[in-house]
Protein chains: 2
Amino acid sequence: MTSTDRPAGRPTRQRRAVAEVLESFDDFRSAQEIHGLLTARGQTVGLATVYRTLQRLADADEVDVLRTEEGEAVYRRCSPTHHHHLVCRTCGATVEVEGPAVERWTRAIADEHGYADLSHHLEIFGTCPACLSG
Amino acid sequence: MTSTDRPAGRPTRQRRAVAEVLESFDDFRSAQEIHGLLTARGQTVGLATVYRTLQRLADADEVDVLRTEEGEAVYRRCSPTHHHHLVCRTCGATVEVEGPAVERWTRAIADEHGYADLSHHLEIFGTCPACLSG
DNA sequence: GGCCCATTTGACAATGATTCTCATTACCGC
DNA sequence: GCGGTAATGAGAATCATTGTCAAATGGGCC
Ligand SMILES: [Zn+2]
Ligand SMILES: [Zn+2]
Ligand SMILES: [Zn+2]
Ligand SMILES: [Zn+2]
(Lines give C-alpha, C1' and ligand atoms only; values in the text may rest on other atoms or scores of the structure.)
(Ligands and ions follow the chains in the order given, each with its own letter.)
Protein backbone atom coordinates (compact mmCIF):
# COMPACT_ATOMS: atom_id res chain seq x y z
CA MET A 1 0.00 0.00 0.00
CA THR A 2 2.54 2.50 -1.08
CA SER A 3 0.28 4.85 -2.96
CA THR A 4 -2.56 3.16 -4.79
CA ASP A 5 -5.26 5.18 -3.08
CA ARG A 6 -5.22 8.47 -4.93
CA PRO A 7 -8.16 10.72 -5.75
CA ALA A 8 -8.03 9.02 -9.15
CA GLY A 9 -9.68 11.55 -11.46
CA ARG A 10 -11.44 10.75 -14.68
CA PRO A 11 -9.71 8.74 -17.39
CA THR A 12 -10.47 11.09 -20.25
CA ARG A 13 -9.38 10.76 -23.84
CA GLN A 14 -6.92 13.62 -23.34
CA ARG A 15 -5.31 12.12 -20.27
CA ARG A 16 -4.92 8.78 -21.96
CA ALA A 17 -3.36 10.48 -24.97
CA VAL A 18 -0.82 12.28 -22.81
CA ALA A 19 -0.02 9.09 -20.90
CA GLU A 20 0.55 7.26 -24.16
CA VAL A 21 2.76 9.84 -25.75
CA LEU A 22 4.84 9.88 -22.59
CA GLU A 23 5.76 6.28 -23.38
CA SER A 24 7.03 7.23 -26.81
CA PHE A 25 10.24 8.95 -25.73
CA ASP A 26 12.69 8.43 -22.94
CA ASP A 27 14.34 11.78 -22.61
CA PHE A 28 12.97 14.91 -21.03
CA ARG A 29 10.53 16.98 -23.09
CA SER A 30 8.78 20.26 -22.50
CA ALA A 31 5.03 20.62 -22.25
CA GLN A 32 5.00 22.37 -25.58
CA GLU A 33 7.01 19.64 -27.24
CA ILE A 34 4.65 17.04 -25.83
CA HIS A 35 1.73 19.04 -27.10
CA GLY A 36 3.44 19.06 -30.50
CA LEU A 37 3.89 15.29 -30.43
CA LEU A 38 0.21 14.86 -29.67
CA THR A 39 -0.78 17.11 -32.52
CA ALA A 40 1.56 15.24 -34.86
CA ARG A 41 -0.13 12.01 -33.81
CA GLY A 42 -3.45 13.49 -34.79
CA GLN A 43 -4.52 13.67 -31.18
CA THR A 44 -6.29 16.92 -30.42
CA VAL A 45 -5.52 18.06 -26.91
CA GLY A 46 -5.51 21.66 -25.76
CA LEU A 47 -2.22 23.05 -24.60
CA ALA A 48 -3.68 24.03 -21.23
CA THR A 49 -4.85 20.48 -20.77
CA VAL A 50 -1.38 19.17 -21.51
CA TYR A 51 0.01 21.45 -18.84
CA ARG A 52 -2.67 20.42 -16.35
CA THR A 53 -2.20 16.74 -17.06
CA LEU A 54 1.55 16.88 -16.71
CA GLN A 55 1.27 18.66 -13.40
CA ARG A 56 -1.17 16.12 -12.14
CA LEU A 57 1.16 13.32 -13.15
CA ALA A 58 4.07 15.08 -11.55
CA ASP A 59 2.13 15.52 -8.31
CA ALA A 60 1.34 11.83 -8.39
CA ASP A 61 5.05 11.12 -8.97
CA GLU A 62 4.25 9.42 -12.23
CA VAL A 63 6.53 11.69 -14.19
CA ASP A 64 9.74 13.40 -13.22
CA VAL A 65 10.13 17.10 -13.85
CA LEU A 66 13.28 19.04 -14.09
CA ARG A 67 14.26 22.47 -15.31
CA THR A 68 16.46 23.22 -18.25
CA GLU A 69 19.24 25.72 -17.87
CA GLU A 70 16.79 28.27 -19.28
CA GLY A 71 14.19 27.46 -16.66
CA GLU A 72 11.79 25.57 -18.85
CA ALA A 73 10.09 22.57 -17.23
CA VAL A 74 10.72 19.24 -18.93
CA TYR A 75 8.98 15.96 -18.24
CA ARG A 76 9.74 12.26 -18.44
CA ARG A 77 7.94 9.04 -17.55
CA CYS A 78 10.12 7.39 -14.92
CA SER A 79 10.32 4.50 -12.50
CA PRO A 80 8.24 4.94 -9.42
CA THR A 81 11.22 4.33 -7.19
CA HIS A 82 13.68 6.96 -6.05
CA HIS A 83 16.43 7.58 -8.58
CA HIS A 84 18.52 10.21 -10.28
CA HIS A 85 19.39 11.03 -13.87
CA LEU A 86 22.39 10.86 -16.09
CA VAL A 87 21.56 13.17 -18.98
CA CYS A 88 23.35 13.75 -22.27
CA ARG A 89 23.94 17.45 -22.66
CA THR A 90 23.84 17.10 -26.42
CA CYS A 91 21.04 14.72 -27.36
CA GLY A 92 19.15 14.43 -24.09
CA ALA A 93 19.57 10.66 -23.78
CA THR A 94 18.70 9.87 -20.19
CA VAL A 95 19.62 7.00 -17.90
CA GLU A 96 18.05 6.48 -14.51
CA VAL A 97 20.66 5.80 -11.89
CA GLU A 98 20.64 5.06 -8.20
CA GLY A 99 22.87 4.01 -5.41
CA PRO A 100 22.92 3.88 -1.67
CA ALA A 101 26.16 5.85 -1.55
CA VAL A 102 24.62 9.23 -2.36
CA GLU A 103 21.57 8.55 -0.30
CA ARG A 104 23.75 7.81 2.67
CA TRP A 105 25.95 10.80 2.04
CA THR A 106 23.10 13.30 1.81
CA ARG A 107 21.56 11.99 5.00
CA ALA A 108 24.87 12.17 6.85
CA ILE A 109 25.57 15.72 5.70
CA ALA A 110 22.10 16.90 6.60
CA ASP A 111 22.25 15.25 10.02
CA GLU A 112 25.55 16.88 10.65
CA HIS A 113 23.93 20.28 10.22
CA GLY A 114 20.76 19.43 12.07
CA TYR A 115 18.49 19.58 9.04
CA ALA A 116 15.48 17.25 9.06
CA ASP A 117 12.66 16.25 6.74
CA LEU A 118 15.01 15.73 3.85
CA SER A 119 14.80 15.42 0.11
CA HIS A 120 17.33 16.03 -2.61
CA HIS A 121 17.76 16.62 -6.29
CA LEU A 122 20.72 15.26 -8.19
CA GLU A 123 21.39 15.12 -11.90
CA ILE A 124 24.56 14.27 -13.71
CA PHE A 125 25.21 15.86 -17.11
CA GLY A 126 27.66 14.70 -19.70
CA THR A 127 28.10 13.52 -23.25
CA CYS A 128 26.71 10.09 -24.04
CA PRO A 129 28.68 7.40 -25.90
CA ALA A 130 26.66 7.95 -29.07
CA CYS A 131 27.32 11.68 -29.15
CA LEU A 132 30.98 11.12 -28.30
CA SER A 133 31.57 8.90 -31.29
CA GLY A 134 29.37 10.95 -33.58
CA MET B 1 46.44 30.00 -13.29
CA THR B 2 43.02 28.62 -12.72
CA SER B 3 41.04 31.55 -14.07
CA THR B 4 42.39 34.96 -13.12
CA ASP B 5 42.55 36.22 -16.68
CA ARG B 6 39.02 37.21 -17.48
CA PRO B 7 37.91 40.01 -19.85
CA ALA B 8 37.39 42.01 -16.66
CA GLY B 9 34.80 44.63 -17.71
CA ARG B 10 34.34 48.03 -16.10
CA PRO B 11 33.91 48.42 -12.38
CA THR B 12 30.85 50.65 -12.55
CA ARG B 13 28.86 52.01 -9.64
CA GLN B 14 26.04 49.60 -10.47
CA ARG B 15 28.26 46.55 -10.53
CA ARG B 16 29.86 47.48 -7.25
CA ALA B 17 26.44 47.99 -5.71
CA VAL B 18 25.27 44.55 -6.81
CA ALA B 19 28.48 42.95 -5.57
CA GLU B 20 28.01 44.62 -2.20
CA VAL B 21 24.41 43.70 -1.71
CA LEU B 22 25.30 40.11 -2.54
CA GLU B 23 27.38 40.10 0.63
CA SER B 24 24.44 41.15 2.73
CA PHE B 25 22.53 37.88 2.66
CA ASP B 26 23.53 34.25 2.60
CA ASP B 27 20.50 32.55 1.17
CA PHE B 28 19.34 32.47 -2.43
CA ARG B 29 17.51 35.53 -3.74
CA SER B 30 15.86 36.33 -7.04
CA ALA B 31 17.01 39.12 -9.32
CA GLN B 32 13.91 41.07 -8.45
CA GLU B 33 14.50 40.70 -4.72
CA ILE B 34 18.08 41.83 -5.17
CA HIS B 35 16.86 44.80 -7.14
CA GLY B 36 14.49 45.54 -4.27
CA LEU B 37 17.32 45.37 -1.74
CA LEU B 38 19.32 47.82 -3.79
CA THR B 39 16.43 50.23 -4.00
CA ALA B 40 15.89 49.92 -0.27
CA ARG B 41 19.53 50.81 0.28
CA GLY B 42 19.02 53.93 -1.77
CA GLN B 43 21.12 52.53 -4.59
CA THR B 44 19.55 53.25 -7.95
CA VAL B 45 20.22 50.42 -10.37
CA GLY B 46 17.99 49.51 -13.27
CA LEU B 47 16.37 46.10 -13.15
CA ALA B 48 17.84 45.12 -16.51
CA THR B 49 21.27 45.99 -15.20
CA VAL B 50 20.74 43.81 -12.15
CA TYR B 51 19.86 40.92 -14.45
CA ARG B 52 22.86 41.56 -16.66
CA THR B 53 25.22 41.87 -13.73
CA LEU B 54 24.00 38.69 -12.09
CA GLN B 55 24.41 36.78 -15.31
CA ARG B 56 27.90 38.08 -15.73
CA LEU B 57 28.77 37.03 -12.19
CA ALA B 58 27.20 33.64 -12.75
CA ASP B 59 29.19 33.14 -15.93
CA ALA B 60 32.34 34.02 -14.01
CA ASP B 61 31.30 31.51 -11.32
CA GLU B 62 31.23 34.23 -8.74
CA VAL B 63 27.64 33.53 -7.83
CA ASP B 64 25.71 30.29 -7.80
CA VAL B 65 22.35 30.15 -9.53
CA LEU B 66 19.59 27.69 -8.96
CA ARG B 67 15.97 27.45 -9.87
CA THR B 68 13.10 27.51 -7.46
CA GLU B 69 10.36 24.94 -7.78
CA GLU B 70 8.48 27.58 -9.77
CA GLY B 71 11.35 28.06 -12.17
CA GLU B 72 12.53 31.41 -10.93
CA ALA B 73 16.31 31.91 -10.93
CA VAL B 74 17.83 32.69 -7.53
CA TYR B 75 21.36 33.82 -6.81
CA ARG B 76 23.88 33.58 -3.99
CA ARG B 77 27.47 34.64 -3.43
CA CYS B 78 29.37 31.38 -2.91
CA SER B 79 32.81 29.92 -2.45
CA PRO B 80 34.78 29.64 -5.65
CA THR B 81 35.39 25.95 -5.07
CA HIS B 82 33.08 23.16 -6.13
CA HIS B 83 30.36 22.52 -3.56
CA HIS B 84 26.68 21.77 -3.09
CA HIS B 85 23.88 23.24 -1.00
CA LEU B 86 21.85 22.25 1.98
CA VAL B 87 18.83 24.53 1.84
CA CYS B 88 16.05 25.10 4.37
CA ARG B 89 12.76 24.63 2.64
CA THR B 90 11.11 27.04 5.08
CA CYS B 91 13.44 29.99 5.62
CA GLY B 92 16.01 29.47 2.89
CA ALA B 93 18.99 29.20 5.24
CA THR B 94 21.76 27.72 3.13
CA VAL B 95 24.89 25.78 4.00
CA GLU B 96 27.58 24.97 1.49
CA VAL B 97 28.58 21.34 1.67
CA GLU B 98 31.07 19.15 -0.10
CA GLY B 99 32.60 15.74 0.05
CA PRO B 100 34.61 13.41 -2.08
CA ALA B 101 32.05 10.63 -1.68
CA VAL B 102 29.50 12.13 -4.07
CA GLU B 103 32.11 13.34 -6.46
CA ARG B 104 33.49 9.83 -6.67
CA TRP B 105 30.06 8.33 -6.99
CA THR B 106 28.93 10.56 -9.85
CA ARG B 107 32.14 9.90 -11.75
CA ALA B 108 31.83 6.15 -11.27
CA ILE B 109 28.21 6.08 -12.40
CA ALA B 110 28.91 8.18 -15.46
CA ASP B 111 31.92 6.06 -16.40
CA GLU B 112 29.84 2.96 -16.06
CA HIS B 113 27.49 4.29 -18.74
CA GLY B 114 30.20 5.70 -20.95
CA TYR B 115 29.31 9.36 -20.41
CA ALA B 116 32.15 11.85 -20.56
CA ASP B 117 32.68 15.55 -20.02
CA LEU B 118 30.80 15.53 -16.75
CA SER B 119 29.17 18.00 -14.45
CA HIS B 120 26.44 17.65 -11.89
CA HIS B 121 23.90 19.50 -9.82
CA LEU B 122 23.01 18.43 -6.31
CA GLU B 123 21.00 20.20 -3.66
CA ILE B 124 19.66 18.86 -0.42
CA PHE B 125 16.45 20.33 0.95
CA GLY B 126 15.19 20.07 4.49
CA THR B 127 14.12 21.99 7.56
CA CYS B 128 16.89 23.78 9.41
CA PRO B 129 17.36 23.55 13.20
CA ALA B 130 15.96 27.04 13.71
CA CYS B 131 12.78 26.32 11.80
CA LEU B 132 12.43 22.94 13.52
CA SER B 133 12.38 24.47 16.99
CA GLY B 134 10.31 27.48 15.90
C1' DG C 1 42.06 68.79 -16.94
C1' DG C 2 39.60 67.55 -21.27
C1' DC C 3 38.58 64.47 -25.42
C1' DC C 4 37.39 60.15 -27.78
C1' DC C 5 34.95 55.91 -27.96
C1' DA C 6 33.78 51.57 -26.70
C1' DT C 7 31.16 49.88 -22.91
C1' DT C 8 27.36 50.18 -19.95
C1' DT C 9 23.10 51.76 -18.47
C1' DG C 10 18.01 52.37 -18.11
C1' DA C 11 13.31 53.02 -19.65
C1' DC C 12 10.33 50.53 -22.10
C1' DA C 13 8.79 47.22 -25.36
C1' DA C 14 8.76 42.44 -26.56
C1' DT C 15 8.96 37.57 -25.70
C1' DG C 16 7.50 33.29 -24.14
C1' DA C 17 6.29 29.83 -20.85
C1' DT C 18 2.78 29.03 -17.74
C1' DT C 19 -1.63 29.97 -15.47
C1' DC C 20 -6.34 31.76 -15.22
C1' DT C 21 -11.13 32.37 -16.78
C1' DC C 22 -15.27 30.72 -17.90
C1' DA C 23 -18.51 28.97 -21.08
C1' DT C 24 -19.04 24.38 -23.10
C1' DT C 25 -18.49 19.39 -22.98
C1' DA C 26 -17.74 14.70 -21.43
C1' DC C 27 -17.64 11.06 -17.75
C1' DC C 28 -20.23 8.25 -14.34
C1' DG C 29 -23.40 6.59 -11.30
C1' DC C 30 -28.25 6.13 -10.91
C1' DG D 1 -31.00 8.49 -20.69
C1' DC D 2 -30.31 12.32 -16.90
C1' DG D 3 -28.02 15.26 -13.75
C1' DG D 4 -24.26 17.06 -11.66
C1' DT D 5 -19.57 17.42 -11.25
C1' DA D 6 -15.07 17.31 -13.09
C1' DA D 7 -12.55 18.29 -17.27
C1' DT D 8 -11.60 20.76 -21.46
C1' DG D 9 -10.29 24.51 -24.68
C1' DA D 10 -9.75 29.15 -26.55
C1' DG D 11 -8.08 33.03 -25.40
C1' DA D 12 -6.72 36.53 -22.12
C1' DA D 13 -3.69 37.48 -18.39
C1' DT D 14 0.63 37.03 -15.72
C1' DC D 15 5.25 37.58 -14.95
C1' DA D 16 10.17 36.66 -15.15
C1' DT D 17 13.44 37.52 -18.35
C1' DT D 18 15.50 39.49 -22.54
C1' DG D 19 15.92 42.84 -26.37
C1' DT D 20 16.23 47.70 -28.13
C1' DC D 21 18.48 51.85 -28.57
C1' DA D 22 19.47 56.44 -27.32
C1' DA D 23 21.88 58.67 -23.58
C1' DA D 24 25.47 58.45 -19.98
C1' DT D 25 29.93 57.16 -18.37
C1' DG D 26 34.69 55.11 -17.37
C1' DG D 27 39.49 54.91 -18.99
C1' DG D 28 43.25 55.84 -21.59
C1' DC D 29 45.72 59.55 -23.65
C1' DC D 30 47.35 64.21 -24.69
ZN1 LIG E 1 13.45 9.95 -13.33
ZN1 LIG F 1 23.94 12.14 -26.49
ZN1 LIG G 1 15.11 27.45 8.20
ZN1 LIG H 1 29.81 17.96 -6.67
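These figures come from a predicted structure and were not determined experimentally. To find a chain, count down the sequence lines: A is the first, B the second, and so on, and within it residues start at 1.
- Taking atom NE2 of residue B/H35 and atom C1' of nucleotide D/dA16, one finds them 14 Å apart after rounding to whole Å.
- Distances were taken from every side-chain heavy atom of B/A48 (C-beta onward) to each of C/dA11, D/dA16, D/dG9; the shortest belongs to C/dA11.
- Ring centers of B/H82 and B/H120: under 6.0 Å apart, within the cut-off.
- Side-chain rings of A/Y51 and A/H35 stay apart, their centers remaining 6.0 Å or farther from each other.
- Nearer the 5' end of DNA chain D, as judged by each residue's closest nucleotide, is the contact made by A/G46, out of A/G46 and B/P11.
- Across the protein-nucleic acid pair, A/Q43 atom CD and D/dG9 atom C1' stand 16 Å apart, rounded to whole Å.
- Distance CD (A/Q32) to P (C/dT19): 11 Å, rounded to an integer number of Å.
- Regarding contacts with the backbone of D/dT8, a side-chain N or O of A/T12 is found under 4.0 angstrom from either OP1 or OP2.
- Rounded to an integer number of Å, the gap from B/R52 CZ to D/dT20 P is 12 Å.
- No more than 12 heavy atoms of other residues, nucleotides or ligands sit less than 6.0 Å from atom CD of A/E69.
- Counting to the nearest Å, the C1' atom of C/dG16 and the CD atom of A/E72 are 9 Å from each other.
- With distances taken from any side-chain atom of B/Q14 to the nucleotides D/dA16, C/dT18, C/dG10, the minimum falls on C/dG10.
- The nucleotide whose nearest atom lies closest to any side-chain atom of B/R15 is, among C/dT9, D/dT8, C/dA17, C/dT9.
- A salt bridge does not link A/E72 to B/R67: none of the charged side-chain nitrogens sits closer than 4.0 Å to a carboxylate oxygen.
- The aromatic ring centroids of B/H85 and B/F125 lie 6.0 Å or more from each other.
- Proximity note for B/Q55 (side chain, C-beta onward) versus D/dT18, C/dT8, D/dT8: the nearest is D/dT18.
- Minimum atom distance to the side chain of A/T49 is reached by D/dT8, of the listed C/dG10, D/dT8, D/dT17.
- Residue contacts shown for B/T44 are limited to sugar-phosphate atoms, with no base heavy atom under 4.0 Å away.
- When the P atom of D/dT20 is taken as reference, atom OH of B/Y51 falls 18 Å away, rounded to whole Å.
- Taking only side-chain nitrogens and oxygens, B/R13 comes nearer than 4.0 Å to OP1 or OP2 of C/dG10.
- The side chain of A/R10 sits closest to D/dA7 out of D/dG9, D/dA7, C/dT7.
- Taking every side-chain heavy atom of B/V45 into account, C/dG10 is the closest of D/dT8, C/dC27, C/dG10.
- As a whole-Å value, the separation of B/L38 CG from C/dG10 P is 10 Å.
- Between B/L47 atom CG and D/dG19 atom P the separation is 14 Å, expressed in whole Å.
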